[in-house]
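Worksheet for the structure shown next.
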Amino acid sequence: MDEQPRLMHSHTGVGMAGHPGLPQHMQEGTGGTDGDGRKQDIGDILQQIMTITDQSLDEAQARKHALNCHRMKPALFNVLCEIKEKTVLSIRGAQEEEPPDPQLMRLDNMLLAEGVAGPEKGGGSAAAAAAAASGGAGADNSAEHSDYRAKLSQIRQIYHTELEKYEQACNEFTTHVMNLLREQSRTRPISPKEIERMVSIIHRKFSSIQMQLKQSTCEAVMILRSRFLDARRKRRNFNKQATEILNEYFYSHLSNPYPSEEAKEELAKKCAITVAQVSNWFGNKRIRYKKNIGKFQEEANMYAARTAVNAANASSHGSQANSPSTPNSAGGYPSPCYQSDRRIQ
DNA sequence: GGATATGATTTATG
DNA sequence: CATAAATCATATCC
């Protein structure tokens, strides 16, 4: 809207005399006689154009309409078109290319990798699988994970809503501007290139806003990750049953407490934890046992007794009325001392 | 609240 | 790569 008076001033108002783009009949001096009425006409029109900004909008609208209907309008318009063509050509120079922003690409890639952008990934299938695999025992673990997933999808949803909002606003604005330009193109020459450029400017602006959104979404995801996926921060003790199973194995293999890969897998399954966790547990247990055997003596005795009783039960099942609740009363079980022949290397 | 227990991670080693 | 050892960071106990 504000370009109209400027254009008129700079090209039509002042620089008119002798402009190379102007047709012959408009470049004549004031001395001519037969073109006098016509010149007066043009002068009037130009005067009207010049004063258009001083008028109220309604008045201007009316003037515009009047100008539009004026018989000289097509001729003048053609002149303007010519001028425009020349000046626009000189304005438009080395600015058209637009390389993809590496920063934006980085953000996009990350959002895609985190599953925030892109298509909805298989809803809860991973969580369901985890819950199924862990049975009832590892429920807290999967619950924690689902909490993480819930937060992530929350972020995802906000991100998409905002993105959509921006997109919509961008489209609305673009349409609005294009309508304006189209409307203005009746009174001033507007090339398709110009419209294109305007649209691309708008899109650039909006995409820079989008980048901010992506940036903050990335930050949110990062914070979420560090909060939830750093297991050290959310350490959970294994449940009683799991530690019993692990201890049982440890003390019954005290001479060589290094479960094979298969044994680890078995233990992991029984305890509803991962193989890595089993390895961690044994690593911790070995070093801590070795460091302070005395402290573990009682525990060692207890588990040794229990396995002894279990063995006895298994070997002579049914014949004896035994009570598994009195393991300590049974004397003579092998004491799990830290001796040279059952060394941890 | 601090002491201790404990699961996970890091670092070093062969 | 598996493990030992040190270390971290939280959980749990008292």
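Heavy atoms only: backbone and side chains are in, while hydrogens, waters and symmetry mates are out.
When atom types are taken as modelled, the side chain of A:Gln277 and the backbone of A:Thr274 share a donor-acceptor pair closer than 3.5 angstrom.
For the pair A:Lys240 and B:dT6, the criterion of a side-chain N or O lying under 4.0 Å from OP1 or OP2 is not met. Distances shorter than 4.0 Å separate some side-chain N or O of A:Lys290 from OP1 or OP2 on C:dA5. Note on A:Lys285: every side-chain N or O is 4.0 Å or more away from OP1 and OP2 of B:dG7. Put simply, A:Arg288 has no side-chain N or O that comes within less than 4.0 Å of OP1 or OP2 on B:dT6. OP1 or OP2 of C:dA4 lies within a sub-4.0 Å distance of a side-chain N or O belonging to A:Tyr258.
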*Going through the checks in order, is the salt bridge (charged side-chain N to carboxylate O under 4.0 Å, His left out) test met by A:Glu162 and A:Lys165?*
CA-CA 5 Å; A:Glu162 291 296 302; A:Lys165 233 161 46 181; 3.0 Å; yes
_Trace of the side-chain hydrogen bond (donor to acceptor under 3.5 Å, both in side chains) decision for A:Arg286 with A:Asn284_ = CA-CA 6 Å; A:Arg286 281 190 299 260; A:Asn284 284 321; over 6 Å; no
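Between A:Glu299 atom CD and B:dA5 atom P the separation is 11 Å, expressed in whole Å. Atom C1' of nucleotide B:dA5 and atom CZ of A:Arg235 are separated by 7 Å, given to the nearest angstrom. To the nearest angstrom, P of B:dG7 lies 8 Å from CH2 of A:Trp281. A:Glu261 has its CD atom 10 Å from the C1' atom of C:dA2, to the nearest Å. A:Gln277 has its CD atom 17 Å from the P atom of C:dT10, to the nearest Å. Taking atom CD1 of residue A:Ile287 and atom C1' of nucleotide C:dA5, one finds them 5 Å apart after rounding to whole Å. In this structure, A:Asn280 atom CG and B:dT9 atom P are separated by 7 Å, rounded to whole Å. Atoms NZ (A:Lys291) and P (B:dT6) sit 14 Å apart, rounded to a whole Å.
In this structure, of C:dA5, C:dT3, B:dT9, it is C:dT3 that holds the atom nearest to the side chain of A:Arg286. Nearest nucleotide to the A:Lys264 side chain, out of B:dA8, C:dT3, C:dA11: C:dT3.
In the interface, the side chain of A:Asn237 is not paired with the base of B:dA5 through any donor and acceptor atom under 3.5 Å apart.
The only option from A:Thr307, A:Leu267, A:Leu254 that meets the side-chain contact (heavy atoms from CB on, under 4.5 Å) definition with A:Tyr249 turns out to be A:Leu267.
Residue A:Phe238 is classed as a sugar-phosphate contact, given heavy-atom separations below 4.0 Å to backbone atoms only.
Legend: residues meeting side chain to side chain contact (heavy atoms under 4.5 Å, CB included) with A:Glu265, ordered by chain and number and at least two apart, are A:Glu261, A:Val275.
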